[in-house]
Amino acid sequence: MPLPKLTSAPRTILKSGKLVADAWVHLGDDDALPATGDVLVSRERLLTQAEELAARRGAGHRVGVRLTTEDSAQTAAELLDRVDLVALYVPKFADGRFFTTARLLRERHGYQGELRVCGDVVPDQVFYMHRCGIDAFEVPGPRYRLEAALKALGTFSESYQGALDSGPRYRRARRSIARAS
Amino acid sequence: MYQYDAIDQQIVDERVAQFRDQVGRRLRGEITENEFKPLRLQNGLYMQMHAYMLRVAIPYGLLSSEQVRKLAHIARTYDRGYGHFTTRQNIQYNWPRLVDVPDILAELASVQMHAIQTSGNCVRNTTADHLAGVARDEIEDPRPYCEIIRQWSTFHPEFAFLPRKFKIAVTGSRSDRAAVRVHDIGLRIVEQNGERGFEVLVGGGLGRTPRVTRKIREFLPREHLLSYIEAVLRVYNQHGRRDNKYKARIKILVDALGADGFREQVEAEWALIKDSALRLTDEEFERVRGHFAPPPYRTLPDSDGAVAAMSLGTDRGFGNWLKQNVKPHKVPGYSIVIVSCKPTGGAPGDVTADQLDGLANLAETHSFGKITVTHTQNAVLADVESSRLREVWQRLTELGLANPNIGTVTDMIACPGLDYCNLANARSIPVAQRISTTLDNADYLYDLGDLSLKISGCINACGHHHVGNIGILGIDKSGEEFYQLMLGGSAGEDASLGKIIGRAFPSDEIVEALEQVLALYIERRTSPEESFVAFYRRVGAAPFKERLYASA
Ligand code: SF4
């Protein structure tokens, strides 16, 4: 059963601040493994098909894991040496657990690779997601939603609290050097 | 009060631009109502019965005269000439049009105001003691801490989609006027070995499952304020229930884990972040505290005796007002004036544009240009020279804001109820109005003494009925409005939840039932010194039940 709102390859995604072509294939647990290409699989499949997927990586194809909002950062951290990409699947945009998962994966578990969000991604959440360390966004729906997401990255030019992109205001250089606007 | 610097201003300006863009996309159909809903809610925009409602943030209730004039202007230009003070020290407008909201937000931004996070499943406006900075029993002014929390919580990227709304309150006084024990997090400023910090309380709240907070930390040194709150929010964001919105508040998680289990998780998380950049610096405390420096008070003789003497004078109206609506100030020669937004027969908390303008002017001439909104839906002129109280009283009387009823049963809280609210079972405001008209007898009110009455139009408890000494809850019985009576609640340092006394009353009997409750108290109290809630705690529900239901 395909997950709602997952986009299919080839697609355009927002990645590292740009709209780029992307070919990662989301595999369901019962989908056959294609001969080549980069695949995203569930945590269960990553574990049950461990050897096959490891061999695939060895052959130069990339493998990513698609976590759900039920999975904690700790769970994700245990999988990091098996994957080239971590995707967080959001079933409903209001389920904000993934913000914490993303942040901890970066800050606490030191994950440096691509951290992608997919599923019910609303463009207006992208600013917050990015601050939590997510750097790639699959945005379902018409192209203008993807463009809105790109624009949303720059919604605010300053933030009060610390996150992945900057420390808290009170620890940054003097406040009085605010840009004149 | 806190003054924006260029960055603060830029953030609210960018918020206006963001919302303008979102409204535009919504109107063009580029985002669905389902997606738009949390976006508008995080800007305080609700869909009500007849129209949108816009809730404007008033951080810890504090306003300048200039801001109050802007609120009056908005009421006149974009609404029907009035606004409504809320139980989170905010103001809401009941009739804005969606297309106007970006302009309203721009107007607000021009006076350093906004509607950020006044609704939605995020950290809401942090509230404080409305006598902050002037109360005699204050250890420290809580507002600098509230401002620090406000900045930290504004657009916090990790906590914008929590399981449910999240409310924080801070008090710096021994007596609790901020109802901290019914908040998701309540902070009490305390001192330990000469060091300032907080007692941390979590998991309070009203609604369907009312809870008083549980204490999870005796003493939190102040530099750890943000790291500790962040730890609490992080545990909640990960583990709070998301399957049922009525079980999603943090109080349910604290129930499930127990206070000890919850504390363990918070402390484990906190240990990992307490010495991170979240640790507050002395420089930041000083910077923010500098914004709340006391106004330039004059050196005046103590005025307690003079105020007491005036209150016994021949002018009963003025005397009553002094006794009820004027409180002692910590600086000699000054008094605190509570502005009653509970006129006889009026809707609690409603203020007209003209009243707002009048208040702004009065604050400018008589109280250093500042006004504080209270969570009991009144306002405060915090720094009035006692020798000028008569002028203030006259002016407030002209404005219809001098009803001498503060702290009495007619100084009640009422939610918007069925007149405005989609979720309501029954009307609140007309009941409040009838009670206020029926009990409009100063001698009787003063004889009853301090007594809080709180009315909600449904179980969501926006009118805080559980923590009223007397609470009234609207329910629906096969399409008819009925009201349950609850007794024995308190929102103060002795917080307790009221209990339903018995079967509900139809609308035309609820006021009389209330009168019976009051009459029983007057007849049976040991002396006028025994407050209603003390009386209830002594005698219990039985005599009230007998009085209310025996004849049936
Ligand atoms: S208590 Fe109920 S009726 Fe009153 S405002 Fe809240 S939701 Fe509406």
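Note on naming: letters A, B, ... go to the chains in the order of the sequence lines (proteins, then strands), and numbering restarts at 1 for each one.
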> Checking heavy atoms, do the side chain of B:Arg25, its backbone, both or neither come under 4.5 Å from chain A?
Replying inline: side chain
>> With a 4.5 angstrom heavy-atom cut-off, is it the side chain or the backbone of A:Lys92 that approaches chain B, or both, or neither?
In response: neither
>> Is B:Leu233 in contact with chain A via its backbone, its side chain, both, or neither, using a 4.5 Å heavy-atom distance?
In response: neither
>> So for A:Ala148, is it side chain, backbone, both, or neither that comes closer than 4.5 Å to the heavy atoms of chain B?
In response: side chain
>> Any salt bridge linking A:Glu158 with A:Arg172? Criterion: basic side-chain nitrogen under 4.0 Å from a carboxylate oxygen.
In response: yes
> In terms of heavy-atom proximity below 4.5 Å to chain A, should B:Gln22 be classed as side chain, backbone, both, or neither?
Replying inline: side chain
> Only one of A:Leu105, A:Ile134, A:Thr68, A:Leu67 forms a side-chain contact (heavy atoms from CB on, under 4.5 Å) with A:Phe98, so which one is it?
Replying inline: A:Ile134
> In terms of the angle between their ring planes, are A:Tyr128 and A:Phe99 parallel, tilted or perpendicular, with boundaries placed at 30° and 60°?
Replying inline: perpendicular
>> Taking the cut-offs as 6.0 angstrom to the six-membered ring centre and 45 degrees off its axis, would you call B:Arg40 and B:Phe19 a cation-pi pair?
In response: no
>> For A:Asp135 and A:Ser16, which I'm curious about, is there any donor-acceptor pair between the side chains at under 3.5 Å?
In response: no
>> Rounded to the nearest 0.5 Å, what separates atom NZ in A:Lys15 from atom CG in A:Leu150?
In response: 15.0 Å
>> If I measure from the heavy atoms of chain B, does A:Leu164 come under 4.5 Å with its side chain, its backbone, both, or neither?
In response: neither
>> Please report the interatomic distance CG(B:Leu272) to CZ(B:Arg234), rounded to the nearest 0.5 Å.
In response: 9.0 Å
> Which bit of A:Phe93 is near chain B, if near means a heavy-atom gap under 4.5 Å: side chain, backbone, both or neither?
Replying inline: both
> Given a strict heavy-atom distance threshold of 4.5 Å, which part of B:Ile273 is in contact with chain A: side chain, backbone, both, or neither?
Replying inline: side chain
> Most heavy-atom pairs under 4.5 angstrom with chain A, which of B:Phe159, B:Phe155, B:Trp152?
Replying inline: B:Phe155
> Have A:Gln161 and A:Arg131 got a donor and an acceptor in their side chains that come within less than 3.5 Å?
Replying inline: yes
> Highest number of heavy-atom pairs under 4.5 Å with chain B: which of A:Thr155, A:Asp124, A:Val122?
Replying inline: A:Asp124
> Measuring heavy-atom distances to chain A, does B:Arg28 have an atom under 4.5 Å in its side chain, in its backbone, in both, or in neither?
Replying inline: neither
> B:Asn121 versus chain A, heavy atoms under 4.5 Å apart: side chain, backbone, both or neither?
Replying inline: neither
>> Counting only non-hydrogen atoms closer than 4.5 Å, does B:Leu39 touch chain A with its backbone (N, CA, C, O), its side chain (CB onward), both, or neither?
In response: side chain
>> Measuring from atom CG of A:Leu40 to atom SG of A:Cys118, what distance do you get when rounded to the nearest 0.5 angstrom?
In response: 7.0 Å
